[in-house]
Amino acid sequence: MESWVRAVVEAIHSSRAQAVIYLAGGASQALGWLLSVPGASGTVLEVVVPYSMASMAQLLGKMPLQFTSKQAAEDMALAAFNRALKLSGPGLQVMGVGFTGSLASSRPKHGEHRFYVSTRTQNCLRTSHVTLSKGLRSREEEDKVSSYFLLKAIADGCKVPATIQSDVQEPELPKESVEQFDEDQELQQVIDGQVWMKVYHFSDSMDKNFNRKIILPGSFNPLHDGHLRLLEVASSMCDDGLPCFEISAINADKPPLSIAEIKRRVEQFRKVGKNVIISNQPYFYKKAELFPGSAFVIGADTAARLVNPKYYGGDYNRMLEILLECKNTGTTFLVGGRNIEGVFKVLEDLDIPVELREMFISIPEEKFRMDISSTDIRKKQGP
């Protein structure tokens with residue numbers, strides 16, 4: 001490995017960014033460089049090489065019109081970004097990387113030797129396109145050039161300096177495009193299902209290392225002291241977790257929240273310095289898929305609905321199957337007492353199937369009880 005390549009890889013590994021990389025058709029040497037320098041496990045979350053048509057179609061959820069194209073690279077980067085959001089450590093910046101190339105092969109190519117590399121972060125999409133001079137290099141040499149550019153793209157996404165030392169000729173210089181997204185565009189992408197979530201880090205605890213997230217989902221209209229106290233108590237029971245509130249932009253039986261409304265609710269968390277996630281998943285079992293290994297903080301009323309077959313098409317076995325899948329990913333539920341039809345109930349009052357009981361952890365009434373709700377507050381405030 002050349003010394004400058006090692007220096008770039010070391011800078012990437014020191015950036016605290018995490019990436020999922022999807023590549024096909026080249027840049028394979030970059031993977032060796034990234035994985036052979038200490039610190040790779042903190043940067044590289046996953047690498048997938050979708051070489052076959054079936055693999056690429058399954059990865060993207062569609063068949064690309066052209067496999068070596070700007071659109072395919074950007075679709076790969078977006079899919080990788082969403083995957084990185086799901087796999088990344090709490091509080092870390094994430095990036096999706098897509099690479100697709102058509103390089104020299106064992107048979108002469110009629111078309112151009114070219115590649116596209118795209119990186120997607122929360123607020124930016126960058127894509128580079130390089131057309132190589134045919135017959136100038138061997139396959140291995142073309143792979144090395146494409147590896148340089150992939151490494152540079154990852155470094156740029158991590159915001160670390162990187163000047164590549166390649167022998168590209170002037171006609172081979174990359175054509176680059178950059179698309180920045182503002183907050184409204186980011187939130188619209190969540191509402192549309194294009195991006196799975198947007199995370200607002202307002203807490204001052206982001207410099208610590210956490211093993212998982214502790215998530216209190218809700219509408220928070222408005223956020224009140226009971227919410228803050230509940231997450232505080234739950235966090236004291238799971239001291240290895242990053243506490244976050246979570247709002248779904250999509251409601252199971254109502255229209256999606258507007259961008260203005262989401263921003264209004266987010267502002268509540270900014271004022272109190274608490275992390276909040278905007279997701280597009282209204283159902284708890286889907287939230288568990290989106291945040292594997294997390295501890296969800298819920299009320300006894302929500303826990304009762306969670307194990308009620310009524311919400312699974314009346315199918316008890318389907319309910320059990322779905323929640324066991326959540327259990328297998330390390331999901332747990334911290335359950336606080338709530339008023340249910342005028343009676344205060346705790347976890348122990350609920351009929352939880354024996355197969356699921358270890359997923360549910362009771363928050364003792366003496367640690368937390370607050371009967372006020374956001375609905376009550378809205379009624380008192382009036383129209």
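In this text the structure is predicted, and so the values were computed from the model without any measurement.
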Okay, side chain of [X], backbone of [Y]: is any donor-acceptor separation there less than 3.5 Å?
X      : Y      : result
Lys134 : Gly111 : yes
Glu172 : Val130 : no
Lys327 : Glu355 : yes
Asp143 : Ala27  : yes
Thr331 : Cys326 : yes
Arg139 : Ala104 : yes
Glu142 : Leu103 : no

**Prompt:** Are Ser3 and Arg6 close enough, and set up right, to give a side-chain hydrogen bond (donor to acceptor under 3.5 Å, both in side chains), and what steps lead you there?
**Reply:** CA-CA 5 Å; Ser3 59; Arg6 175 175 286 274; over 6 Å; no
**Request:** First locate atom CG of Leu347, then atom CD1 of Ile298, and finally report the distance between them rounded to the nearest 0.5 Å.
**Result:** 8.5 Å
Linking I/L/V/M/F/W/Y whenever any side-chain heavy atoms sit under 4.5 Å apart, do [X] and [Y] land together?
X      : Y      : value
Ile352 : Tyr311 : yes
Leu350 : Phe296 : yes
Leu59  : Ile21  : no
Leu23  : Phe67  : no

**Item:** Stepwise side-chain hydrogen bond (donor to acceptor under 3.5 Å, both in side chains) test for Ser88 and Gln18
**Value:** CA-CA 6 Å; Ser88 63; Gln18 294 191 314; 4.7 Å; no
**Message:** Is there a side-chain contact between Met237 and Lys367 in this structure, where contact means two heavy atoms from C-beta onward sitting under 4.5 Å apart?
**Reply:** yes
**Request:** Using a 4.5 Å cut-off on heavy atoms from C-beta on, say whether the side chain of Glu2 contacts that of Gln165.
**Result:** no
Can you establish whether the number of heavy atoms outside [X] located under 6.0 Å from its atom [atom1] is more than 12?
X      : atom1 : answer
Gln188 : CD    : yes
Glu170 : CD    : no
Asp225 : CG    : no
Met63  : CE    : yes

**Residue pairs involving residues 137-156 (criterion ring pair (Phe, Tyr, Trp, His ring centres under 6.0 Å); sequence neighbours excluded)** = Trp4-Tyr148, Trp33-Tyr148, Phe115-Phe149
**Request:** List in chain and number order the residues that pass side chain to side chain contact (heavy atoms under 4.5 Å, CB included) with Glu261, two or more places apart in sequence or in another chain; answer none if no residue qualifies.
**Result:** Asn221, Leu257, Ser258, Arg264, Arg265
**Asked** Shortest non-hydrogen contact from Ser118 to Ala73?
**Response** CB-O, 3.5 Å
**Message:** Glu183: which residues meet the side-chain hydrogen bond (donor to acceptor under 3.5 Å, both in side chains) condition with it, sequence neighbours left out?
**Reply:** Tyr200
**Prompt:** Should the ring pair Phe333 and Phe284 be called parallel, tilted or perpendicular, given that the plane angle runs from 0 to 90° and is split at 30 and 60?
**Reply:** perpendicular
**Message:** Is the distance between the ring centroids of His227 and Phe220 under 6.0 Å?
**Reply:** yes
